[in-house]
Amino acid sequence: MTTTTANHHLSPAFPGRAPWGTANKLRAWQQGAMEKYVQTQPRDFLAVATPGAGKTTFALTLASWLLHHHVVQQVTVVAPTEHLKKQWAEAAARIGIKLDPGYSAGPLGREYHGVAVTYAGVGVRPMLHRNRCEQRKTLVILDEIHHAGDSRSWGEACLEAFEPATRRLCLTGTPFRSDTNPIPFVTYEEGNDGIRRSSADYTYGYGNALGDGVVRPVIFLSYSGNMRWRTKAGDELEARLGEPMTKDAISQAWRTALDPRGDWMPNVLRAADRRLTEVRKSIPDAGALVIASDQESARAYAKLIREITGEGATLVLSDDSGASQRIDDFSQSDDRWMVAVRMVSEGVDVPRLAVGVYATTISTPLFFAQAVGRFVRSRRRGETASVFVPTIPTLLTFANEMEVERDHVLDKPKKDGDDENPYAEEDKLLAEAERQQDEDTGESDQLSFEALESEAVFDRVLYDGAEFGMQAHAGSEEEQDYLGIPGLLEPDQVQLLLQKRQARQIAHSRKRPDAEVDLLELPAERRPVVTHKEMLELRKQLNTLVGAYVHQSGKPHGVIHTELRRVCGGPPSAEATAGQLNERIKKVREWATRMK
């Protein structure tokens, strides 16, 4: 059998900015994936590797091997964006594989080994690419293959274009999707629960990569604070990020926090810049990135950064023809800040990014994982990544599940007893609403409202599934204690330092007079954040108890709910907070006990 060491023309310098210790050889996972491929020689191969692990290096090494052994005669790389297809062509050129990133039609120049195109491009002319695959033995590399499920037309175009391909290599860092659109050329296997899930041929997750030192550990710094806004109806509402509230209220409070005219964003950007200064003491070229919801916000954030730091920020807007060049220029420079709208959320390689601000309302696990993936690429042992997030239950859940590996689920589970479940329809409506929110780009005007006022309060640090810290004012010594964590630390050192910081903060707070205590001073792990799922369970529990009390009292459901609102206060159940629902649950139980 031919071994995978025959990387006949791999440059010792590939990849150009390889992480520590990997410049002259493949990483263990890349070598393992290569060996499995060479042993099995499959037509289709799905490699799932965490963002920053080196999927490009693996794919191009395999392409080189297949070309050298005449298994294929040409290569087609399909990428999600224009910038990424150029990035693929540049990476391939460094190992002697010439891909044309400008190809649109007609015969390919003799100097090229293949082409780099986008999924959108394949969608426009699938037969062009099918003809190319039929004429010569082709390896198709489908980068971030989950994008082929973005729309039915893209998926169908990929199937039509690449069905005749000799070999197909599918790559992804996030194989799961928010919907049930099947991903082309991916195998789905049915589990014991009857649900079909994507089956990878080789998986290298974030947890493994972290243990190998291939990716950085991520410290999430969460910020809360009071938000005030005016609804379309003219009502003024106020809420604190992280406290129990309805889905609509969470959405509006979140958007109020991200409004550049309030105090939350300037304070968070100021904190992120202080963190960047600390990181640059040990990583001199470390950069920071703000991921914004829309172009207007991005421009406003760039202006705030100039006011805070005295330096301009690189602004990357997706519809700007010079966007790719600006990303490249930033990557090669030692400038501090870049602000982008979505474009840098996936696949773009800027290894020096070490600090991030998640300033978008996109709340899908896919987007969050890809966004965080921009900061985890390790260049030398001990580097850490720091990502600033608002205290939103969904985001904190994602942050706490960084090491959880997900597969793409093709079927939705059917719950036992759905036919008898009076809330089955509510479950379906909620799932549909959440699916639509998952697909939101953050640019739509979900509910008309006006942000009035916001403040930022340091809330907690999330690291390795644990939470640390107590709330502290922006700019306080307590906040600075967490922002000042060294930029070069081993993962176990990060945890030890965070534990020490929290112990010091608690001890310091106990010495202060009660008159000076004006924040919720509970350690992070004792401050609950109620999720949408938990809110739904509380409403179900209340409805079940009310239903039981209907039989005891003989009163209609509506009368009991109205009476509960009169006694306990608050809005209808659909808009009530977790605390208000718990009070009603307690009260209806009390009534039921009295009647026995």
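Residue numbers run from 1 in the order of the sequence given.
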Legend entry - Of all pairs that satisfy salt bridge (charged side-chain N to carboxylate O under 4.0 Å, His left out), the ones with a partner from residues 261-272, not counting sequence neighbours: Asp259-Arg261

Kindly list each side-chain donor-acceptor pair under 3.5 angstrom involving residues 217-224, sequence neighbours excluded, with atom names and distances?
residue, atom, partner, partner atom, Å
Ser222, OG, Thr391, OG1, 2.5
Tyr223, OH, Glu479, OE2, 2.6
Ser224, OG, Leu241, O, 2.7

Legend entry - Flag, side chain of Asp294 to backbone of Glu296, donor-acceptor distance under 3.5 Å: yes

Legend entry - Minimum heavy-atom distance Leu488-Ser282, with the two atoms named: N-OG, 3.5 Å

Inset, instruction - Please confirm whether the backbone N or O of Ile327 pairs with a side-chain atom of Ser331, one donor and one acceptor, at under 3.5 Å? - result: no

Legend entry - Any side-chain heavy-atom pair of Trp29 and Asp212 under 4.5 Å: no

Legend entry - Any donor-acceptor pair under 3.5 Å from Lys55 side chain to Ala49 backbone: yes

Legend entry - Minimum-distance pair of heavy atoms, taken over all atoms of Trp229 and Ala239: CH2-CB, 3.8 Å

Legend entry - Aromatic ring proximity, centroids under 6.0 angstrom, Trp337 and Phe330: no

Legend entry - Closest contact, heavy atoms only, Asp481 versus Arg501: O-NE, 2.6 Å

Inset, instruction - Check Tyr301 against Val290 and note the closest heavy-atom contact, atom names and distance. - result: CD1-CG1, 3.8 Å

Legend entry - Arg275 side chain vs Ile485 backbone, donor-acceptor pair below 3.5 Å: yes

Inset, instruction - Check whether any side-chain N or O of Arg326 sits under 3.5 Å from a backbone N or O of Val316 as a donor-acceptor pair, and report yes or no. - result: no

Legend entry - Heavy-atom donor-acceptor pair, Arg374 side chain to Pro351 backbone, under 3.5 Å: no

Inset, instruction - For Asp328, enumerate each residue passing the salt bridge (Lys or Arg N to Asp or Glu O under 4.0 Å) test, keeping only those at least two apart in sequence or located in another chain. - result: none

Legend entry - Inter-residue atom distance Leu497.CG - Arg504.CZ, 0.5 Å rounding: 9.0 Å

Legend entry - Electrostatic pair Lys281-Glu278, nearest N-O below 4.0 angstrom: yes

Donor-acceptor pairs under 3.5 angstrom involving side-chain atoms of residues 305-315: please list them, not counting sequence neighbours.
residue, atom, partner, partner atom, Å
Thr309, OG1, Ile305, O, 2.7
Thr309, OG1, Glu311, N, 3.0
Thr309, OG1, Glu311, O, 3.1

Legend entry - Test item: side-chain donor near acceptor, Arg352 and Ser333, under 3.5 Å: yes

Legend entry - Check: Glu144 and Gln370 side chains under 4.5 Å, non-hydrogen atoms: yes

Legend entry - Pair Phe468 + Tyr482: ring centers closer than 6.0 Å: no

Inset, instruction - Heavy atoms only: give me the nearest Val279-Ala286 pair and the separation to one decimal. - result: CG1-CB, 3.8 Å

Inset, instruction - Classify the angle between the aromatic ring planes of Tyr358 and Phe367 as parallel (below 30°), tilted (30 to 60°) or perpendicular (above 60°). - result: perpendicular

Legend entry - Side chain Arg584, main chain Gly569, donor-acceptor under 3.5 Å: yes

Legend entry - Donor-acceptor side-chain pairing of Glu467 and Asn400 below 3.5 angstrom: yes

Inset, instruction - Please answer whether the main-chain N or O of Ile291 pairs with a side-chain N or O of Thr360 as donor and acceptor at a distance below 3.5 Å. - result: no

Inset, instruction - Please name all residues satisfying salt bridge (Lys or Arg N to Asp or Glu O under 4.0 Å) with Arg230, sequence neighbours left out, ordered by chain then number. - result: Glu236, Glu450

Legend entry - Lys247 backbone acceptor or donor facing Ser251 side chain under 3.5 Å: no

Legend entry - Test salt bridge (Lys or Arg N to Asp or Glu O under 4.0 Å) applied to Arg216 - qualifying residues, sequence neighbours left out: Glu383

Legend entry - Verdict with reasoning, Asn582 to Leu538, per side chain to side chain contact (heavy atoms under 4.5 Å, CB included): CA-CA 7 Å; Asn582 276 317; Leu538 283 174; 3.4 Å; yes

Legend entry - Between OG1 on residue Thr256 and CG on residue Leu237, distance to nearest 0.5 Å: 9.5 Å

Inset, instruction - Under the side chain to side chain contact (heavy atoms under 4.5 Å, CB included) rule, what do Trp264 and Glu455 come out as? Steps first, then yes or no, please. - result: CA-CA 5 Å; Trp264 195 90; Glu455 66 163 359; over 6 Å; no

Inset, instruction - Kindly say whether Ala53 contributes a backbone atom to a donor-acceptor pair with the side chain of Thr50 at under 3.5 angstrom? - result: no

Inset, instruction - Flag yes if more than 12 heavy atoms outside Gln499 fall under 6.0 Å of its CD atom; otherwise flag no. - result: yes

Legend entry - Separation of Thr361 OG1 from Leu395 CG (nearest 0.5 Å): 10.0 Å

Inset, instruction - Any chance you could measure Asn226, atom CG, to Glu243, atom CD, to the nearest 0.5 Å? - result: 7.5 Å

